[in-house]
Amino acid sequence: MAFSVHLGSLIALATGAFATILYAGVNESGGEFGVFGVKGQGLPGRFGVDYEFINKSAIDIFVDQEHVNIFRVTFLMERMAPIETGLSGPFNETYFGFYEDAVNYITLTKGAYALIDPHNYVIGNTSDPTAATTADFAIFWKNLASRFVNNEKVIFGINNEPHDMPTQLILLNDQAAINSIRSTGARQLILAPGNGFTGGHSWNQTTGEDDAPSSEFLGFIRDPLHNTAIDVHEYLDIDFSGGHNVCSQPGPSNLAGFTSFLKQNNLKYDNMAVLSEFGAGNNENCFEFVNDLLNYLEDNDEYIGWLAWAAGPIWGTADACCGPDTGNLEPGSLTSNGTAGAFDTVWKHAIRPHIPETLKKAGISSL
Ligand SMILES: *[C@@H]1O[C@H](CO)[C@@H](O)[C@H](O)[C@H]1NC(C)=O
Ligand SMILES: *[C@@H]1O[C@H](CO)[C@@H](O)[C@H](O)[C@H]1NC(C)=O
Ligand SMILES: *[C@@H]1O[C@H](CO)[C@@H](O)[C@H](O)[C@H]1NC(C)=O
Ligand SMILES: *[C@@H]1O[C@H](CO)[C@@H](O)[C@H](O)[C@H]1NC(C)=O
Ligand SMILES: *[C@@H]1O[C@H](CO)[C@@H](O)[C@H](O)[C@H]1NC(C)=O
Ligand SMILES: CC(=O)N[C@H]1CO[C@H](CO)[C@@H](O)[C@@H]1O
């Protein structure tokens with residue numbers, strides 16, 4: 001199919017009802033960079049060199065020209081609450097200050113929503129006897145939420161992609177975070193992840209080392225304010241990793257089990273989800289997979305938002321996802337061989353046509 005025809009059909013398909021999508025935007029990744037999986041390595045890191053949160057000009061482009069209304073801003077818990085004093089200890093005010101500056105620019109200056117994302121995968125659970133406990137995690141969230149109680153444009157993401165731990169423990173940690181956040185008086189939207197990297201396709205399946213399906217536990221989350229949604233991720237390549245430029249895993253059929261969970265779960269008024277990570281390679285086949293995925297979200301009332309992976313100030317020419325020749329979503333960036341980056345390819349052709357005109361613009365973050 002010729003590209004212009006393809007693009008035309010994309011636009012035609014994308015003009016359906018957007019009524020349920022309140023939030024659409026992009027991940028701002030960079031605050032978690034510069035650590036390599038060995039405890040303590042890369043810490044604390046140098047701001048602007050090893051890690052950085054946003055480029056304000058890029059935020060301007062996304063808000064003023066693309067009209068998106070949400071950014072997921074990644075950071076590392078061990079930079080926020082240094083290992084020396086532990087997860088329940090005092091914050092590094094320098095790091096917090098840089099982070100707050102990014103969040104305030106997005107929310108107070110630009111009027112968009114900021115999804116707070118501790119990008120830590122496992123919520124500190126290891127065989128290390130000095131590792132943080134659920135109680136420490138609760139204190140961390142109390143400390144963090146109390147900083148943002150009065151910023152209605154903030155959304156609290158409990159953690160990025162837990163995996164390879166008992167699903168019951170993820171439920172405990174999610175619930176501890178929700179209780180902590182609410183104990184501060186914060187009323188904003190919360191996003192709670194499941195197991196298996198919070199993958200939508202595996203929501204009803206055993207993941208990791210025989211860890212129970214997320215669907216068996218995540219329905220027991222309780223938020224007294226009924227303002228919590230499930231945080232789900234979905235990539236479209238063979239192993240759902242976002243590491244390949246060939247799309248072969250259809251979003252709609254792979255999300256069907258998760259959608260049925262949302263329809264039937266016990267969350268009562270909270271049976272909603274935000275797709276906070278997805279991505280696809282720079283090719284027409286992938287553009288079509290993205291179109292199908294976003295159409296599916298628009299067609300199912302349970303989904304209230306989406307964020308593509310990823311923009312950010314220090315990706316350079318690196319592929320944020322989806323294999324070679326894709327690059328990343330930072331406006332103006334190129335791929336490693338000098339061709340147009342994903343902002344000018346994947347975003348422009350496959351994602352931009354789905355940005356609703358009716359996104360939430362004002363008021364406290366909510367379902
Ligand atoms: C920030 O983004 C703007 C707009 O894309 C770009 O011109 C500028 O070089 C970026 N600054 C840095 C430090 O990357
Ligand atoms: C706090 O963060 C800043 C900025 O990353 C860093 O320079 C400083 O060394 C950190 N302090 C501690 C105690 O980790
Ligand atoms: C880590 O796992 C241990 C043992 O399963 C548990 O006691 C502890 O609360 C967990 N910590 C976190 C932060 O989940
Ligand atoms: C997924 O799990 C939920 C909760 O157990 C259940 O209601 C739903 O029917 C399941 N869906 C599929 C497709 O197995
Ligand atoms: C460079 O980009 C071109 C055009 O997208 C592509 O055909 C080629 O495979 C790329 N080469 C490398 C080494 O990535
Ligand atoms: C699928 C994907 O893009 N994963 C990336 C998530 O972000 C980390 C850094 O924060 C990258 O290392 C991964 O490749």
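Note that ligands are numbered from 1 as they come in the structure, with each ligand's atoms numbered from 1 the same way. Fair warning: this is a prediction, and the values are worked out from it, not measured in the lab. The first residue of the sequence shown is numbered 1, and numbering continues consecutively from there.
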Show the distances, to 0.1 Å, for all pairs joining an N/O atom of ligand 2 and a protein N/O atom that are shorter than 3.5 Å, listing one pair per line.
residue, atom, partner, partner atom, Å
ligand 2, 2 (O), N92, OD1, 3.2
ligand 2, 2 (O), N92, ND2, 2.4
ligand 2, 5 (O), G45, O, 3.4
ligand 2, 5 (O), Y51, OH, 2.6
ligand 2, 11 (N), N92, ND2, 2.8
ligand 2, 14 (O), N92, ND2, 3.3

* To do: Run the ring-centre check on Y235 versus F240 and record whether the distance is less than 6.0 Å.
  => no

Could you list the atoms of ligand 4 found under 4.0 angstrom from a heavy atom of [X]?
| X | value |
| --- | --- |
| Q264 | 6 (C), 7 (O), 8 (C), 9 (O) |
| N204 | 1 (C), 2 (O), 3 (C), 8 (C), 10 (C), 11 (N), 12 (C), 14 (O) |
| S260 | 1 (C), 8 (C), 9 (O), 10 (C), 11 (N), 12 (C), 13 (C) |

* To do: Identify, by atom number and element, the atoms of ligand 1 in contact range of N55, meaning under 4.0 Å from any of its heavy atoms.
  => 1 (C), 2 (O), 3 (C), 8 (C), 10 (C), 11 (N), 12 (C), 14 (O)

* To do: Under 4.0 Å from a heavy atom of P331: give me the atoms of ligand 1 that qualify, with their elements.
  => 5 (O)

* Asked: Listed by chain and number, what are the side chain to side chain donor-acceptor pair (under 3.5 Å) partners of T259, not counting sequence neighbours?
  -> Y296, Y303

* Cationic tip of R46 within the cone over Y51's six-membered ring, i.e. under 6.0 Å and within 45° of the normal? -> no

* To do: Answer yes if the side chains of T107 and N151 hold a donor-acceptor pair under 3.5 Å, and no otherwise.
  => yes

* Structure fact -> Sequence neighbours excluded, the answer for ring-ring contact (aromatic ring centres under 6.0 Å, His included) partners of Y99 is F53, F75

* Results of ring-ring contact (aromatic ring centres under 6.0 Å, His included) for Y105 - residues two or more places apart only -> none

* Should the ring pair Y121 and H119 be called parallel, tilted or perpendicular, given that the plane angle runs from 0 to 90° and is split at 30 and 60? -> perpendicular

* If the plane angle is over 60° it's perpendicular, under 30° parallel, otherwise tilted; pick one for F33 and W315. => perpendicular

